[in-house]
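We count ligands from 1, going down the list as the structure has it; atoms in each ligand are counted the same way.
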Amino acid sequence: ASPRAGSAAAGDPAAAQETAVSATSPRWSLAIHGGAGTIPRDLPPERGAAYRAGLARALALGAEALERGEPALAVVEQVVRALEDDPLFNAGKGAVFTAVGTHELDAAIMDGRDLSAGAVAAVSTVRHPITLARMVMTETPHVLLVGAGAEEFADQMEVERVENAWFDTPARREAWERSREPGEDRDTVGAVARDVHGHLAAATSTGGTSNKRWGRVGDVPILGAGTYADDRTAALSATGKGEEFIRHGVTRAISLRMEIAGESLAEAARALIHDVLQPDDGGVIGVDREGRIVFDFNSTGMYRGAADANGRFEVGIWDEMSAVDRP
Ligand code: ASP
């Protein structure tokens, strides 16, 4: 859904104006995450390599699109679709199990140009929840559709449908059967971008927390909690204990601190992640209007990647990120 006329809409010349960038600011920037949590340092090397390769593939897809001049909104959707299809991550194929052995998916997308946004929660047969979220934005006056209503909306749209069990993977089933602990797997995915036109967008998609009660909705589809984008400040996507991110309105709080207190993205993200949230709650990725990328997390690790027009192409899991070849 788009905002009412009268707000800073796309037709407003001020909103449409390209953001001025300094000579060193990259013309486009992209950051992605594949979840933050307790990632063991002794993660088997082949598993670490598989995560890095999955992140690098999604990053390359987005980098190419941004280089072609595609809008941030289309790029973050495309990147999240790729991560939804990657069975390693807890979004789309490979989503975690609920306590009753099913999958319920949440996703949101937001356009920094005019605060247009769309989200879906607890959908169970949509292969790419992020695309349905984008249709909520473009095809309805609403911003969030849930459960049966979202499924019926999907019936009316041309989106790919699958049986709920299609989201199963042996690894997730095994982890679920082994632990039955809530919140163990946190490999939610997200992407934030600044395009060559100076616009920002954010997208996040998840299977939620493992062994969650059916009907539980996390922070991802709640605008201002797990997902937020505003061209005047930053595009943000979070991952971690959704309930905490909802309680503290983390992404909106970061944006507001930038807007009202004049903090940088790095300062505002640090305040929320380290002063407001508790250790191991999770993390956030963001890109500001100048294309500066920020990653911050208070867990042991966060699967993540960054690329920009200055040639940066890096992925990381724990403290450090390292340059990798573009696939
Ligand atoms: N934030 C997500 C949720 O609570 C989980 C995650 O980040 O993996 O639904």
- Item | Non-neighbouring partners of Asp319 that pass salt bridge (charged side-chain N to carboxylate O under 4.0 Å, His left out), sequence neighbours left out | Arg41
Quick one: side chains of residues 61-69, donor-acceptor pairs under 3.5 Å with protein atoms, not counting sequence neighbours, listed by atom name and distance.
unit_1, atom_1, unit_2, atom_2, d
Glu67, OE1, Arg326, NH2, 3.1
Glu67, OE2, Arg326, NH1, 3.1
Arg68, NE, Glu70, OE2, 3.1
Arg68, NH2, Glu70, OE2, 2.8

- Note on the structure: Between Ile39 and Gly301, the two heavy atoms sitting closest are CD1-C, 3.6 Å
- Mind checking side chain to side chain contact (heavy atoms under 4.5 Å, CB included) for Pro279 and listing every partner two or more places apart, or none if nothing turns up? none
- Any side-chain heavy atom of Glu151 sitting closer than 4.5 Å to one from Arg161? yes
- Item | Identified side chain to side chain donor-acceptor pair (under 3.5 Å) counterpart of Ser205 within the set His128, Glu84, Glu77, Arg81 | Glu84
Could you go through ligand 1 and list every pair where one of its N or O atoms sits under 3.5 Å from a protein N or O, giving the atom names and the distance to one decimal?
unit_1, atom_1, unit_2, atom_2, d
ligand 1, 1 (N), Asp219, OD1, 2.7
ligand 1, 1 (N), Gly240, O, 2.8
ligand 1, 4 (O), Arg216, NH1, 3.4
ligand 1, 4 (O), Arg216, NH2, 2.8
ligand 1, 4 (O), Asp219, OD1, 3.4
ligand 1, 4 (O), Gly240, O, 3.4
ligand 1, 4 (O), Gly242, N, 3.0
ligand 1, 7 (O), Thr188, OG1, 3.0
ligand 1, 7 (O), Thr239, OG1, 2.7
ligand 1, 7 (O), Gly240, N, 2.7
ligand 1, 7 (O), Gly240, O, 3.4
ligand 1, 8 (O), Thr188, N, 3.4
ligand 1, 8 (O), Thr188, OG1, 2.5
ligand 1, 9 (O), Arg216, NH1, 2.8

